[in-house]
Engineer: 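Before anything else, here's the structure in question.
Nothing here was measured: the structure is a model prediction, and the numbers come from that model.
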Amino acid sequence: GAVVSQHPSRVICKSGTSVKIECRSLDFQATTMFWYRQFPKQSLMLMATSNEGSKATYEQGVEKDKFLINHASLTLSTLTVTSAHPEDSSFYICSARDPGATNEKLFFGSGTQLSVL
Amino acid sequence: LAKTTQPISMDSYEGQEVNITCSHNNIATNDYITWYQQFPSQGPRFIIQGYKTKVTNEVASLFIPADRKSSTLSLPRVSLSDTAVYYCLVGETNNNDMRFGAGTRLTVKP
């Protein structure tokens, strides 16, 4: 299947700093990408849907100024956690839709574990 | 995206067949049923997708009754490495409403 690369896999930062997470579709063009966060022992929670070249659509309760999403190209979406605080510590996962796939259409990155000290 | 209901957890032993059922009473005509597997600290991985009747691949089988209000993921002869969380998602393949339910935490014991 298609590959979605997510970096970094783990990041530790100080409170108040900003962290950028990249999500790349390696062998297909992803017009739509999704960002999730996941707390331990819980399910994935959809944060936002990003479409290439347009503003992201955020889920209710997700601060768009806190979690900046940029989907500037068909193969790259970035999530920036601005002024991170300990409560932002979580596992962040991106996924990308391959419109050309015949069966499996949604591919996931390997996730980023963010720890804010 | 149709709401889904799955058992929170299941236990099994190595070599057994495991069946995980997902209820989706409000499934729409154009909706497909897709199952994902997630290991700790990893992104979900596609297992199988179907629309009706039975679908089988090298990993699992998916059984969907005629009314499509539920589906059953069948894992033949599980091993310890199948211990994971399994999620079913129901929706159109190009639907952007990709919300996950609670999932089923499967524990395979030796």
Side-chain angles (χ1 to χ4, degrees), chain A residues 1-10 21 23 30-52 54 56-62 71 90-115, chain B residues 1-9 20 22 30-52 54-62 64 73 83-107:
Chain A
V3 177
V4 172
S5 175
Q6 185 174 343
H7 292 282
S9 58
R10 179 178 296 273
I21 303 170
C23 182
T31 54
T32 305
M33 289 187 171
F34 305 90
W35 287 95
Y36 300 84
R37 67 186 299 181
Q38 185 175 34
F39 293 107
K41 304 289 187 182
Q42 294 187 23
S43 182
L44 287 77
M45 182 182 74
L46 180 65
M47 298 176 66
T49 302
S50 75
N51 294 293
E52 184 267 337
S54 63
T57 301
Y58 290 82
E59 294 297 302
Q60 190 173 6
V62 178
H71 192 165
S90 186
F91 191 58
Y92 293 87
I93 307 169
C94 72
S95 67
R97 183 188 302 284
D98 179 3
T102 55
N103 190 7
E104 174 189 4
K105 286 184 178 292
L106 195 63
F107 301 90
F108 289 83
S110 54
T112 298
Q113 183 64 53
L114 171 63
S115 299
Chain B
L1 201 70
K3 179 178 170 57
T4 60
T5 303
Q6 303 173 233
I8 294 297
S9 64
I20 305 174
C22 180
N30 294 330
D31 287 348
Y32 280 74
I33 301 156
T34 310
W35 284 81
Y36 291 88
Q37 174 192 56
Q38 186 185 26
F39 296 113
S41 300
Q42 294 186 28
R45 185 173 71 104
F46 173 90
I47 300 175
I48 198 166
Q49 183 182 82
Y51 183 80
K52 62 181 180 181
K54 177 184 175 182
V55 179
T56 297
N57 61 23
E58 64 277 7
V59 177
S61 295
L62 179 59
I64 306 168
L73 173 72
T83 293
V85 179
Y86 293 82
Y87 297 95
C88 80
L89 269 71
V90 175
E92 294 187 42
T93 56
N94 288 319
N95 194 323
N96 282 343
D97 190 8
M98 300 304 298
R99 295 187 180 88
F100 281 71
T104 298
R105 185 174 299 276
L106 173 65
T107 302

Engineer: Give, for atom OG of S95(A) and atom CZ of F46(B), the distance between the pair rounded to the nearest 0.5 Å.
Structural biologist: 14.0 Å
Engineer: Could you tell me the separation between the CZ atom of F107(A) and the CZ atom of R45(B), rounded to the nearest 0.5 Å?
Structural biologist: 12.5 Å
Engineer: Below 4.5 Å from any heavy atom of chain B, which atoms of I93(A) appear? Answer side chain, backbone, both or neither.
Structural biologist: side chain
Engineer: May I ask you to check whether F108(A) and F39(B) place their ring centres under 6.0 Å from each other?
Structural biologist: no
Engineer: Considering non-hydrogen atoms only, spot the tightest contact between L44(A) and F100(B) and give its length.
Structural biologist: O-CB, 3.9 Å
Engineer: Roughly how far apart are L106(A) CG and Y36(B) OH, rounded to 0.5 Å?
Structural biologist: 4.0 Å
Engineer: How many angstroms lie between CD in Q38(B) and OG in S43(A), if you round to the nearest 0.5 Å?
Structural biologist: 7.5 Å
Engineer: Most heavy-atom pairs under 4.5 angstrom with chain B, which of R10(A), K41(A), Q113(A)?
Structural biologist: K41(A)
Engineer: Hey, which of G101(B), P40(B), S41(B), G103(B) has the most heavy atom pairs under 4.5 Å with chain A?
Structural biologist: S41(B)
Engineer: Check each atom of Q42(A) against the heavy atoms of chain B and say whether the ones under 4.5 Å are side chain, backbone, both or neither.
Structural biologist: backbone
